[in-house]
Amino acid sequence: MLRIKHLTTLTTLAALATLLLPGPARARSLADGAGVAPLSLSTRLSAPLLPAGQLGTAYLKVELAGAPLQLATRPPVNVALVIDKSGSMQGTKIERAREAAIQAIRKLGPQDIVSIVTYDTTVAVVAPATKASDQETLIRAIRGIHAGGDTALFAGVTKGAAEVRKFLERGRVNRVLLLSDGLANVGPSSPAELGALGASLVREGISVTTFGLGLGYNEDLMTELARQSDGNHAFIEDAANLAQFFDLELGTAVAVVAQDVQLRLDCGPGVRPVRVLGRPAEIIGQLVTTSMNQIYAAQRQHLLLEVEVSPGAQHERRQVAAVSVTYGDLKTRTSEMLSGEAAVTFTNDRAAAERATDRSVMVSAVELIANERNALAVSLRDRGEVQRAREVLRDNAAYLQSNSVQLDAPALEMLRKENESDAENLEGEGWNRQRKSMRKKQLKMDMQQMY
Amino acid sequence: MTPAAPRLFWPLALVALLGGGLLSFAGLRLSHEAAQRARDEAGRAGEGQLDALHAGLSGLFADRVPVLLTLTDDLPGEPEALRERLRRGVWYRHALVVDARGTVVFPPPEARSAAEAEFVERARPAWSRGLSPAPPADAPGQASGAPGAAAGGAPTRPDRDPPAETASLRSWSWQSWFWGPGVNVGFVRRLGDGRTVLVELERARLLSDVIARLPDGDADGPPARLTDEAGRAVYAWGGRRAADPSLTPARRGLPEPLSHWHLEQSLAPATADSTLGLWAGIGAAIVVLLGALAHVHREGARAYREAQQRVTFVNQVSHELKTPLTNIRLYAEMLEEELALEPEDAAARHLHVVVAESQRLSRLITNILTFARSQRHTLKLSPRPVSPDAVLRGVVEGFTPALAARGITPALRLDAAATRALDPDALEQIVGNLVGNVEKYAATGGRVDVESRLEGDLLVVTVSDAGPGIPAAARERVFLPFERLDDRLTEGASGTGIGLTIARQLARLHGGDVRLVDAPVGARFEVRLRAPA
């Protein structure tokens, strides 16, 4: 059952990858959609009408939508492949990693920059940043990679980022692709330290996508590095699937339409920003800020803010927040701005307020709240409180079920099933695999990732 | 036997024994001293390497000072304005401002983000007992300055100070404090209005930036490492040469403010040099017996050693040159594409020269690195199906501008278009070296002919010129490393002297050979490579 589900996911992923990776023919056949703004902004409140005279709570959903794919003008990428070649990679894993890297390089074009870094106890820049047209040199370098030694993951990412930095510029998709199957044991190795490194890299515009291979890697470290740097993450149990994920990652990379996206929400008087669900954000007083390193074509990225609204009088209109967004248009290489606002109106008609509830915002909020609880269950399980973890997951399933009915949302029903299955798999040999899979899903939901 | 012989035997034996003993003793002493000298030498070499790294890392901090000074100039009183400045930081993110009374005014206590509140807590050891720029007690004059220092007590390295601030005016220093996983580092500056600001350098990023400036793992030399304040190795490199465990590694603290972290360089065994010591001992004995022979021997050993050192040095330098050169080539080629200039445009011609010269330099470095690999017996080929003629055409095409500049016309007579299994890079390097030699030494002939044909499983390529030719006596000598027929530095005749050596090594590795064959004029080289269909 699990196997079949896995297979379907992979098939979908493969289809997505073919769609995203531009073949030369398809690139020519599509017209250049110049003039279409790469990003559009919408703001919605879970409760646009609030009962008058009482303290209210609402969720504000600020959504950024990437324009559909224009393959004729895909952006150049600047990517460092950082490959773990520690002892545990010996055998099939390193073979598959080599094949996947070679296949990835064959897909890149002359406008792309690529570098290859390997790490074990030490780090080697196997191929310094160079044009991807120099394929034979790159492939030869990859063929020379053999496994053995410890895992200097922090330094590997550092040297990979240093290669990307050589050609760091706006208009390129700058990325480190980290592959690891083991625990970092040379240099900093805590999720917090790797997260801090990721957070500083993303301020330069470099995201780190992390691929966890097999069952021996530290999923907390790998997801935290991806989360803080706004990169993707994949749990790849079987090395045979590596090539597909390399494909997928490059496919998403070339589908970036906007980068360096900065979001700023100024909450109005009488509105208190409580918390942001999902992604990392900063709240200082009335100001809420967050950033995204990139938005992909046809992708919807949102920020979900919980606000507390102090009581208002019948018919009073109150601004919840003024929203402003700045981003870099990848195609024109210019800096662009978007702005919008959200407001509530107070009413004495409770039924009308109830009817006005925006279901799509509520669904997003429920998804992220349930995701938070799913993560809580993992930390309870980590402390050995299996029973409490199970209760949290079952409560979560119940919460999702009641909301899926109330909001008529099949997506929540799917999540309910997942939480129920999670509750049944907290013990025994399968826990390691289960934990990796949960961490992966949590990150994907929090950051609304493409895969 | 004469009757005198038994009488003479013992005294003679005694003299020989005494002499031999004395000579052995002298030899041992000499050998011992030579070994000690070699150890000292290794120690100095290790420290020299650390000095170079240390200087590089000092630059890391020196470069940050102007940035931090700009950041803290006219420090805004409005919190949001200061936050806006901090958001742009890559290696800094948080700052703390205290007023003249020692109260923290930023981040404002009434409205702090969760991350800011965490930072204030994390930096508590730095500001709780008053925040002021102070010189570190153990490193006077290093990066951090003593406010009000007299001009006479000048800092030891004034070149590190930002130009705008002399020692007597300087109002900033580095500060480090312990918290959480280890030492944290900040920049403290007293502002004119009584406020003092602390800017934290992010720990993980700082470590990352230090590592980025240290050599890669495949750097030549014995193992070396970076240790943190707890003595844990956080980064390691080198190790292509073994370390001598009997020698204490050279150790050096990082520049202020990271003096709690250390660089450690283990030392290479002084093998070559201790053999030298032994040679000296034996040599001393031989000197007594066969002075002339010893002279010849020493000369030989010296030449060998020098050649060895030359290879190692050149290899190290080449390794360092590879990356910048790749970049120069890449940028020049990109520029060429981007500008899309008319061929007769002056800029196009200049750019063309840049590209051609950087390609030449690339070939040179590839040669040296190939040679080094062959010396270490790690040279490997990877044959795959290619058309030999396509490779040859590419080589000659790459040379065309350089050949044209020297007035040489290339002529191709190719008859090996069929796909064969061979290593195209090796073929390219071999033929490139041969054509390169024509360009360097046989420009007077005005032409170079490249011919190819297939003979069963063999690919045969000949490269002929009409230059001065090579005397029969030197036919084999030209294939030896560092041999040039003419050691004078003639115009244009640049090179490492290993081109033909490498061409032959590669060809032999490829199941063939490179030979100098008879030709009516000039020189003709014949390359034979095993290239099965």
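Throughout, a chain's letter reflects where its sequence line sits, starting with A, and its residues are numbered from 1. It should be emphasised that the depicted structure is a prediction, and the values quoted were computed from it without experimental measurement.
Only the side chain of B:Glu80 comes within less than 4.5 Å of a heavy atom of chain A; its backbone N, CA, C and O stay farther away. For B:Ala233, the part sitting under 4.5 Å from any heavy atom of chain A is the backbone (N, CA, C, O) and nothing else. In this structure, chain B has a heavy atom under 4.5 Å from the backbone of A:Ile283, while its side chain stays farther away. Interface remark: A:Ala155 contributes backbone and side-chain atoms alike to the contact with chain B (heavy atom separation under 4.5 Å). With a threshold of 4.5 angstrom between heavy atoms, A:Ala129 approaches chain B through N, CA, C or O but not through any side-chain atom. Heavy atoms of A:Leu201 lying under 4.5 Å from chain B belong to its backbone as well as its side chain. Heavy-atom distances place the side chain of B:Arg83, and not its backbone, under 4.5 Å from chain A. Contact annotation for B:Ser382: only side-chain heavy atoms (C-beta onward) come within less than 4.5 Å of a heavy atom of chain A. Heavy atoms of B:Pro108 lying under 4.5 Å from chain A are absent altogether. Heavy atoms closer than 4.5 Å to chain A are found in the side chain of B:Arg384, but not in its backbone. Of the two parts of A:Lys159, only the side chain, counted from C-beta on, holds a non-hydrogen atom closer than 4.5 Å to a non-hydrogen atom of chain B. Looking at A:Thr289, the atoms closer than 4.5 Å to chain B (heavy atoms on both sides) all sit in the side chain, from C-beta outward. No part of B:Asp228 comes within reach of chain A, as not one of its non-hydrogen atoms sits under 4.5 angstrom from that chain.
A side-chain donor from one of A:Asn293 and A:Ser207 sits under 3.5 Å from a side-chain acceptor of the other.
The candidate with the highest count of non-hydrogen atom pairs below 4.5 Å against chain A, out of B:Pro107, B:Ser208, B:Ala111, is B:Ser208. The most heavy-atom pairs under 4.5 Å with chain B, out of A:Glu193, A:Arg140, A:Arg143, A:Glu282, come from A:Arg140. Your options are B:Arg87, B:Glu110, B:Arg225, B:Arg88, and the one with the most heavy-atom pairs under 4.5 Å with chain A is B:Arg87. Contact count against chain A (heavy-atom pairs under 4.5 Å) is highest for B:Val90 among B:Val90, B:Val234, B:Ile211. Interface check for chain A: of the options B:Ala115, B:Ala236, B:Pro79, the most heavy-atom pairs under 4.5 Å are formed by B:Ala236. Of the residues considered (A:Ser190, A:Gly187, A:Ser200), A:Ser200 shows the highest number of contacts with chain B, using heavy-atom pairs under 4.5 Å.
Under 4.0 Å is where a charged nitrogen must lie from a carboxylate oxygen, and between A:Asp120 and A:Lys85 at least one such pair does. Using a cutoff of 4.0 Å between basic side-chain nitrogens and carboxylate oxygens, B:Arg213 and B:Asp63 are scored as salt-bridged. Residues B:Glu202 and B:Arg93 are not paired through a salt bridge, judged by the lack of any N-O separation under 4.0 Å between the basic side chain and the carboxylate. Taking the charged nitrogens against the carboxylate oxygens, B:Arg203 and B:Glu229 do have a contact shorter than 4.0 Å, which makes a salt bridge.
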### Task
Start with the C-alpha gap between B:Leu60 and B:Asp209, add the side-chain angles, then the distance that decides, and say whether side-chain contact (heavy atoms from CB on, under 4.5 Å) holds.
CA-CA 8 Å; B:Leu60 175 69; B:Asp209 287 339; 4.1 Å; yes
- Message: Before you tell me yes or no, could you show the steps for B:Leu96 and B:Val104 under side-chain contact (heavy atoms from CB on, under 4.5 Å), namely the whole-Å CA-CA distance, both residues' side-chain angles and the distance that decides it to 0.1 Å?
- Response: CA-CA 7 Å; B:Leu96 184 123; B:Val104 176; 4.1 Å; yes
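The side-chain contact (heavy atoms from CB on, under 4.5 Å) test applied to B:Arg122 returns B:His94, B:Glu118, B:Phe119, B:Trp179, B:Asn184, B:Glu200, not counting sequence neighbours.
Counting non-hydrogen atoms of neighbouring residues, nucleotides and ligands closer than 6.0 angstrom, the CD atom of B:Glu397 reaches no more than 12 such neighbours.
Summarising the geometry, atom CG belonging to B:Leu263 is positioned 6.0 Å from atom CG belonging to B:Leu226; distances are rounded to the nearest 0.5 Å.
Looking at B:Leu427, B:Ile430, B:Asp423 one by one, the single match for side chain to side chain contact (heavy atoms under 4.5 Å, CB included) with B:His510 turns out to be B:Asp423.
Sorted by first and then second residue, the ring pair (Phe, Tyr, Trp, His ring centres under 6.0 Å) pairs involving residues 109-158 of chain A (not counting sequence neighbours) form an empty list.
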